[in-house]
Amino acid sequence: MDNEPAVKTLLEFRSDDGTRSSIVMKYETNFLVHLINGDNTQLVEYNNLQDAENKAEDWVQGVI
């Protein structure tokens, strides 16, 4: 049996035109945000859920 910590998906966001998406995940005590734009992806780590959510929403809205 594997004792690897699990990554749990909490939230998913998608832009209105469908070109950008983001996924907020919980991993151990941190939050990961997977930013996706076509073949370009980025994974960003945060210490709290609010910052992770803000980043994910800003990404799909094209703010960043």
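Heavy-atom basis, side chains included; hydrogens, waters and symmetry copies ignored. Note that the numbering runs from 1 along the sequence shown for the chain.
Looking at every heavy atom in both residues, A52 comes nearest to F31 through CB-CB, 3.9 Å.
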Return a table of donor-acceptor pairs under 3.5 angstrom between the side chains of residues 8-18 and protein atoms on other chains or two or more places apart.
residue: S15; atom: OG; partner: D17; partner atom: OD1; Å: 2.8
residue: S15; atom: OG; partner: G18; partner atom: N; Å: 3.2
residue: S15; atom: OG; partner: T19; partner atom: N; Å: 3.1
residue: S15; atom: OG; partner: R20; partner atom: N; Å: 3.0
residue: S15; atom: OG; partner: R20; partner atom: O; Å: 3.2
residue: D17; atom: OD1; partner: T19; partner atom: N; Å: 3.0
residue: D17; atom: OD1; partner: T19; partner atom: OG1; Å: 2.8
residue: D17; atom: OD2; partner: T19; partner atom: OG1; Å: 3.4

Output a table of donor-acceptor pairs, distance under 3.5 Å, between side-chain atoms of residues 56-64 and any protein atom two or more places apart or on a different chain; print 'none' if there are none.
residue: W59; atom: NE1; partner: S21; partner atom: O; Å: 3.2
residue: W59; atom: NE1; partner: I36; partner atom: O; Å: 3.2

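Rounding to the nearest 0.5 Å gives a distance of 12.0 Å between CG of N30 and CG of L49. The line from CD1 of I23 to CG of L32 is 11.0 Å long, rounded to the nearest 0.5 Å. For the atom pair CG of L35 and OG1 of T41, the computed distance is 8.5 Å after rounding to the nearest 0.5 Å. Taken to the nearest 0.5 Å, the OH atom of Y46 stands 12.0 Å off from the CD atom of E53.
Looking only at distances, no side-chain donor or acceptor of N37 sits under 3.5 Å from a matching main-chain atom of N40.
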